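These notes concern the structure reproduced below.
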Amino acid sequence: MRKNYELIRHDLLASGTITDITRTNSPITEVWANNDGFEWPGKDPDQRVNLIKYWADRTFVKTMGLRLVAGRDIDIRKYPTDSSAVLLTEMAVRQMGLSNPIGQVLRSDEGTWHVVGVIKDFVTGSLYNRVNPIVVQGPTSKTGTDAWFGTITFRLNPANNTSANISSLTGIFKRYNPNYPFEYFFVDYYDLWKLTGERHFGTLAALFAGMAILISCLGLFGLSAYMAESRLREVGVRKVLGASIMRLVTLLSKDFLVLVVIAFFIASPVAWWFMSKWLEDIPYHIDLSWWIFALTGLLSIVIAAGTVGFQAVQAALTNPVRVLRAD
């Protein structure tokens, strides 16, 4: 694969299957290497910055869909000296204390590097991690890292159908590497796979919440049926005295709805506390807005009103003559 890479790259771009391609030591979704041995001018001797490391040959920023803040991307074809070039993320620049990072010289046990660009921070590895300082190094030949490229990343051409792109990719890779299957994954789906546990938890939570609502509605339905039956005489008398159906329904339903509202005000702070604690473990998460709880309360009232209202309307529509005659 390594000896045919340039041919593969040429065929992929010429076919219009992809728009950009780069080689790296690992997928951008994973962390396979790091180093805390970098030195730079003005560094505190006691300071150690642990940098996540990637190696790339060219068009890393464009292929990965990252944002270049300053400088340029690594491109060993256009700039042969980029074999010793590095890109730093904003977090790396801040932790290293570099006010003007472009052109700065870094040293490590692998050699001497020069900074050619700064890129926007991005999350890699676990989605539970905060942004870490990252360095992207050119493929220096001094340590043989040009042979460490185990991953090819490409950006599919959005003008083509995805299945057509995959079919073309498979054919090209099979042409140059017929003895091995073509294995690939999409970055967004891979990140989604990392959240499989949370997705299963959400499904189970929704399932048990639905069961709890159903059981509550059954209990509320039975209780409202008993209440309506026990108050039929009162309903009959009120109806004879001129009470409207709406007034009777309100009379029979309001006690239950008051209890639902009280339960909502008790449960909301508890739910907010538990959800806030759970979200604390996830660095980048949504904010718990007030409208989420307001909508939940409104739905609870609507469900309760529908359950109780059915029995209340039936009781209000009962012929008072039939009830009072029985007495």
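These numbers come from a predicted model, not from an experiment.
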Say whether [X] and [Y], considering side chains only, have a donor N or O and an acceptor N or O under 3.5 Å apart.
X      : Y      : value
Thr24  : Trp55  : no
Thr17  : Ser168 : yes
Asp287 : Ser289 : no
Glu110 : Gln137 : yes
Thr124 : Asn132 : no

[Y] backbone acceptor or donor facing [X] side chain under 3.5 Å:
X      : Y      : value
Gln104 : Ser99  : no
Tyr54  : Ile28  : yes
Asp75  : Arg58  : no
Ser276 : Trp272 : yes
Lys194 : Gly125 : yes
Asn25  : Gly150 : no
Asn160 : Gly16  : yes
His114 : Ser84  : yes

(request) I would like to know whether Glu6 and Arg77 meet salt bridge (Lys or Arg N to Asp or Glu O under 4.0 Å); could you show each step before the answer? (result) CA-CA 11 Å; Glu6 290 300 329; Arg77 182 66 60 182; 3.1 Å; yes

How long is the straight-line distance from [atom2] of [Y] back to [atom1] of [X], given to the nearest 0.5 Å?
X      : Y      : atom1 : atom2 : result
Ile152 : Thr63  : CD1   : OG1   : 11.5 Å
Asn50  : Asn34  : CG    : CG    : 4.5 Å
Tyr5   : Arg9   : OH    : CZ    : 5.5 Å
Tyr79  : Ile74  : OH    : CD1   : 12.5 Å
Thr250 : Asp255 : OG1   : CG    : 11.5 Å
Phe173 : Asn4   : CZ    : CG    : 11.0 Å

Are [Y] and [X] connected in a single hydrophobic cluster, I mean Ile/Leu/Val/Met/Phe/Trp/Tyr linked by side-chain heavy atoms less than 4.5 Å apart?
X      : Y      : value
Trp40  : Val116 : no
Ile52  : Val61  : yes
Val308 : Leu223 : yes
Phe186 : Leu169 : yes
Val270 : Leu279 : yes

Taking C-beta and beyond as the side chain, do [X] and [Y] meet within less than 4.5 Å on heavy atoms?
X      : Y      : result
Phe38  : Trp113 : yes
Met64  : Thr153 : yes
Val93  : Thr89  : no
Phe264 : Ile301 : no
Leu88  : Leu106 : yes
Ile18  : Asn157 : no
Leu51  : Asp36  : no
Val123 : Val131 : yes

Could you tell me whether [X] atom [atom1] has more than 12 heavy atoms of other residues or ligands within 6.0 Å of it?
X      : atom1 : value
His285 : NE2   : yes
Lys43  : NZ    : yes
Asn100 : CG    : no
Lys174 : NZ    : yes
Tyr284 : OH    : yes
Tyr226 : OH    : no

(message) Is there a side-chain contact (heavy atoms from CB on, under 4.5 Å) between Phe185 and Thr29? Walk through the geometry before answering.
(response) CA-CA 11 Å; Phe185 65 85; Thr29 53; 4.1 Å; yes

Taking only Lys NZ, Arg NE, NH1 and NH2, and the carboxylate oxygens of Asp or Glu, determine whether [X] and [Y] approach each other closer than 4.0 Å.
X      : Y      : answer
Arg155 : Asp20  : no
Arg94  : Asp121 : yes
Asp11  : Arg175 : yes

(message) Evaluate Lys53 against Val31 for side-chain contact (heavy atoms from CB on, under 4.5 Å), listing each step before the verdict.
(response) CA-CA 8 Å; Lys53 290 202 309 181; Val31 177; over 6 Å; no

(message) As a quick check of understanding, evaluate salt bridge (Lys or Arg N to Asp or Glu O under 4.0 Å) for Arg72 and Asp82, giving each step before the final call.
(response) CA-CA 11 Å; Arg72 60 173 177 81; Asp82 275 5; 2.6 Å; yes

Any idea which heavy atoms bring [X] and [Y] closest together, and the distance?
X      : Y      : answer
Ser253 : Ala312 : OG-CB, 3.6 Å
Ser268 : Phe293 : O-CE2, 3.8 Å
Val49  : Pro133 : CG1-CG, 4.2 Å
Phe149 : Pro139 : CZ-CB, 3.5 Å
Ser224 : Thr307 : OG-O, 4.2 Å
Pro283 : Arg130 : CB-CG, 3.6 Å

(request) If the plane angle is over 60° it's perpendicular, under 30° parallel, otherwise tilted; pick one for Phe310 and Phe221. (result)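 If you compare the ring of Phe310 with that of Phe221, the planes turn out parallel.
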
(request) For the residue pair Phe154 and Phe182, categorise the inter-ring angle as parallel (less than 30°), tilted (30 to 60°) or perpendicular (more than 60°). (result)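 Judged by the thresholds at 30° and 60°, the geometry between Phe154 and Phe182 is parallel.
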
(message) Applying side-chain contact (heavy atoms from CB on, under 4.5 Å) to Val118 and Glu90, what does each step give before you reach the verdict?
(response) CA-CA 6 Å; Val118 178; Glu90 292 177 307; 4.1 Å; yes

(message) Show, in sequence, the C-alpha distance, side-chain angles and deciding distance for Tyr184 and Thr170, and conclude whether the side chain to side chain donor-acceptor pair (under 3.5 Å) test is met.
(response) CA-CA 10 Å; Tyr184 67 93; Thr170 303; over 6 Å; no

(request) Go through the steps to decide whether Thr22 and Asp57 satisfy the test side chain to side chain donor-acceptor pair (under 3.5 Å), and finish with yes or no. (result) CA-CA 6 Å; Thr22 187; Asp57 57 354; 3.2 Å; yes

